[in-house]
Amino acid sequence: MASPDKSSSQPKSPAPQSDQKTGAGITPRSVSYSDWYLDIIHKAELAEHSAVRGCMVIRPHGYAIWEKMQRELDDRFKATGHVNAYFPLFIPLSFLTREEQHAAGFAKECAVVTHHRLKTIDGVVQVDPDSKLEEPLVVRPTSETIIWHQYKNWIQSYRDLPILINQWANVVRWELRTRLFLRTAEFLWQEGHTAHATEAEALTETQRMLDVYADFAENVMAVPVIKGRKTPGERFAGALDTMCIEAMMQDGKALQAGTSHYLGQNFSKGADVKFLNREGKLEYVYATSWGVSTRLVGALIMTHSDDTGLILPPKLAPIHVVIVPIYRKDEEKERVYAEADKVKAELSAQGLTVKFDDRDNLQPGAKFYEWESKGVPIRIEIGPKDLEKGVLCLVRRFVLEQPGETPEAERKRRKSFVPRAEAIAGIPTILAEMQKELYLRALAFRAARSRIIDSLEDFERFFKQEGGGFAWVHFAGSSDDEDQLSKRFETTVRCIPLPDQIPPEAQGSGTCILTGQPSPQRVIMAKAY
RNA sequence: CGGGGCGUAGCGCAGUCCGGUAGCGCGCCUGCUUUGGGAGCAGGAUGUCGGAGGUUCAAAUCCUCUCGCCCCGACCA
């Protein structure tokens with residue numbers, strides 16, 4: 001168990017939040033995890049609230065991270081045979097009623113367009129009452145229904161299958177309680193919608209895309225995930241099976257980072273999409289859908305960042321290297337700038353994104369803090385001394401913690417002076433190391449906050465006294481039993497892990513922690529975002 | 001959507017109890033000096049006090065309504 005909370009060593013004074021912020025203007029995680037999260041987003045200029053309730057503005061630095069995610073994911077979708085397309089934002093209300101379960105799942109959070117015109121009445125611009133739509137349009141909360149309506153026209157025989165389409169889009173779910181990136185009324189995502197001739201092929205697709213998500217999370221985001229399936233209660237509305245990847249945040253809570261659904265014939269029946277199979281018989285098409293959203297940016301923040309600011313895995317960092325010039329006289333400035341330009345060019349030639357911070361109204365220290373809070377993995381300081389010695393001063397955004405080390409010592413360890421050529425050639429290696437270390441650090445954190453638990457007493461102690469995390473428990477109860485546990489401990493079954501996701505010590509059958517019924521395997525219970 | 005808290009300059013806040021016409025720090029602009037971990041001095045600009053009504057000679061302050069954010073619940077990616 002890692003020491004999850006340093007607040008115990010601090011006086012629990014009712015001081016205003018601002019007094020508890022660090023010099024960086026960030027509330028320490030130990031004081032308030034949610035304030036910390038918002039401070040990070042603010043300091044790193046990732047996003048902010050807009051004039052519209054529950055909707056956020058994604059600022060350039062935040063959007064650049066999303067664009068990097070998009071690129072990585074899109075490449076993987078293409079590599080697995082998918083193509084992109086685009087379907088409408090609006091869905092006729094009647095479409096949603098065709099798949100009952102699906103409609104019920106989203107009914108409570110739909111934005112509905114009912115009019116199509118404004119009119120100035122008594123000098124006030126308002127909705128023209130005479131412009132009512134014959135059929136209201138629902139702003140898509142997800143696109144299964146409208147996409148399957150279209151697939152009906154595209155599918156006649158098994159030769160038309162499979163259809164492997166993805167779309168990048170925004171969707172709207174009228175959430176009551178929102179948090180930047182994690183849950184907003186409008187969000188950006190991708191949704192894959194595939195059509196198959198057989199159940200087996202659709203099931204394979206469901207699993208394959210889950211694997212794509214897990215690969216992306218672990219190798220690009222450096223976020224370790226556990227692959228599993230949802231319980232019936234947590235399943236996507238209208239799916240026969242929902243598979244997911246679950247990640248652990250620094251407060252021990254689980255975050256669903258991606259889902260892949262096997263939809264069976266539910267949507268093809270709803271839209272009446274049949275095909276002629278090889279035997280010449282009409283059959284309903286088998287479907288999958290899968291998606292990840294801008295929520296992943298939230299996952300990224302909550303997995304890696306520290307009390308100084310954002311920490312980004314190099315593969316998703318919009319800027320890999322920032323160069324900060326140091327000089328006194330104009331003559332020095334000239335030489336330093338010339339060198340900075342050269343270093344930038346040489347690194348750019350290696351495919352790295354480099355920012356030369358040539359603002360002359362800030363002192364170097366201010367720039368250091370700013371770029372650290374924005375998560376730039378490597379800083380190069382270039383000053384007259386470096387020019388003389390032929391070295392570059394490299395500073396890493398983070399290094400793996402060493403127990404008992406003072407912040408000053410750690411700062412020193414992050415900094416190194418390296419012969420110029422060696423430094424330039426070595427930066428990709430450093431970035432690769434950081435990428436790996438971030439993953440290992442997150443993995444170690446998750447391990448430290450995971451427990452195998454066999455009794456309700458231990459379960460209660462874990463979540464109420466020991467900070468909680470992932471509890472590997474045997475659970476064989478009903479949905480009602482799950483609700484009961486949720487009410488008592490605020491925990492839910494995050495997933496039923498796939499067999500190869502279960503560590504050796506957690507394998508095997510047992511008896512349900514709540515009901516004592518026999519249970520074939522352990523599940524992960526946790527508090528969740 | 002229920003309970004609690006908060007909206008005052010770009011950011012963080014004081015002022016609200018007890019009405020008298022708005023202030024502090026940071027940031028911003030100009031100039032000079034500075035620059036290897038958040039610069040100094042001098043001068044300067046910036047506010048429909050979240051919004052709408054009301055009470056009053058007078059409202060950031062009192063009353064009513066409303067919008068938004070944060071926290072805790074219910075719901076959810």
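Quick note on labels: first sequence line is chain A, next is B, and so on, each numbered from 1.
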Touch class at under 4.0 angstrom, heavy-atom based, for [X] against every strand present:
X	value
A:P325	nothing
A:E490	sugar-phosphate
A:F187	base
A:G54	sugar-phosphate
A:S486	nothing
A:L38	sugar-phosphate
A:Q256	sugar-phosphate

**Request:** Flag yes if more than 12 heavy atoms outside A:E410 fall under 6.0 Å of its CD atom; otherwise flag no.
**Result:**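 For A:E410, atom CD is crowded (more than 12 foreign heavy atoms under 6.0 Å).
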Can you tell me how far [atom2] of [N] sits from [atom1] of [X], to the nearest Å?
X	N	atom1	atom2	value
A:K385	B:rU35	NZ	P	11 Å
A:L387	B:rG36	CG	C1'	12 Å
A:R359	B:rC28	CZ	P	10 Å
A:E332	B:rU34	CD	C1'	13 Å
A:L392	B:rG36	CG	P	18 Å
A:E109	B:rA77	CD	P	7 Å
A:E334	B:rU35	CD	P	18 Å
A:K487	B:rC75	NZ	P	7 Å

4.5 Å side-chain heavy-atom contact, [X] and [Y]:
X	Y	value
A:H320	A:I378	no
A:F77	A:M209	yes
A:V297	A:M69	yes
A:W174	A:V139	no
A:K355	A:V376	no

Side chain of [X] - closest among [options]:
X	options	result
A:R328	B:rU35, B:rG37, B:rG36	B:rU35
A:N361	B:rG37, B:rC70, B:rC28	B:rC28
A:H42	B:rC11, B:rC70, B:rA77	B:rC11
A:R295	B:rG37, B:rG36, B:rA77	B:rA77
A:R179	B:rG36, B:rG37, B:rC71	B:rC71

Between [N] and [M], how far apart are the two [atom1] atoms, rounded to whole Å?
N	M	atom1	value
B:rA60	B:rC49	C1'	5 Å
B:rU64	B:rC18	P	15 Å
B:rC24	B:rC67	P	35 Å
B:rG68	B:rU35	C1'	42 Å
B:rG10	B:rG27	P	16 Å
B:rC72	B:rG15	C1'	30 Å
B:rU46	B:rC11	C1'	14 Å
B:rA9	B:rA14	P	12 Å

Quick one: look up who [N] pairs with, Watson-Crick or G-U, both distances under 3.5 Å, and put none if it's unpaired.
N	result
B:rU64	B:rA52
B:rC69	B:rG5
B:rA74	none

**Asked** Are A:R379 and A:F368 in a cation-pi contact, defined as NZ or CZ under 6.0 Å from the six-membered ring centre and within 45° of the axis?
**Response**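 Here A:R379 passes the 6.0 Å and 45° test against A:F368.
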**Message:** Do the side chains of A:R208 and A:E205 get close enough for a salt bridge, i.e. N-O under 4.0 angstrom?
**Reply:**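 Result for this pair is yes, salt bridge flagged.
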**Request:** Examine the base of B:rG37 for any acceptor or donor lying under 3.5 Å from a partner atom in the side chain of A:E372, and report the outcome as yes or no.
**Result:**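 Yes, the side chain and the base share a sub-3.5 Å donor-acceptor pair.
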**Asked** Under the criterion salt bridge (charged side-chain N to carboxylate O under 4.0 Å, His left out), which of A:E372, A:E405, A:E408, A:E401 is the partner of A:R414?
**Response**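 The single option meeting the salt bridge (charged side-chain N to carboxylate O under 4.0 Å, His left out) with A:R414 is A:E372.
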**Message:** Would you say the base of B:rG37 stacks on A:F368 (centre-to-centre below 5.5 Å, plane angle below 30°)?
**Reply:**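 Not stacked by the 5.5 Å and 30° rule.
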**Asked** For the side chain to side chain donor-acceptor pair (under 3.5 Å) test, which of A:K230, A:K227, A:Q501 pairs with A:E246?
**Response** A:K230
**Request:** For A:D481 and A:S478, run side-chain hydrogen bond (donor to acceptor under 3.5 Å, both in side chains): C-alpha distance rounded to whole Å, both residues' side-chain angles, the deciding distance at 0.1 Å, then the answer.
**Result:** CA-CA 5 Å; A:D481 293 329; A:S478 62; 3.2 Å; yes
**Message:** Between A:T259 and B:rA77, is there a contact of a side-chain N or O with OP1 or OP2 at under 4.0 Å?
**Reply:** no
**Message:** I need the minimum non-hydrogen distance between A:I323 and A:A340, along with the two atoms involved.
**Reply:** CD1-O, 3.7 Å
**Prompt:** For the residue pair A:R59 and A:E45, what are the closest heavy atoms and their distance?
**Reply:**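 That would be CB-O, 3.3 Å.
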Under 3.5 Å between N/O atoms: give me all the protein pairs with nucleotides 40-50 of chain B, atom names plus distance.
none

**Request:** Anything under 30° is parallel, anything over 60° is perpendicular, the rest tilted; go ahead and classify A:H261 against A:F236.
**Result:**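 Parallel.
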**Prompt:** In residues 169-178 of chain A, which ones come under 4.0 Å of RNA chain B, going by heavy atoms?
**Reply:**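 Contacting residues: A:R173, A:E175, A:L176, A:R177, A:T178.
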**Message:** Can you list, in residue-number order, the parts of residues 217-229 of chain A that come under 4.0 Å of RNA chain B, counting heavy atoms only?
**Reply:** none
**Prompt:** Under 3.5 Å, is there a donor-acceptor pair between the side chain of A:S305 and the main chain of A:M302?
**Reply:** no
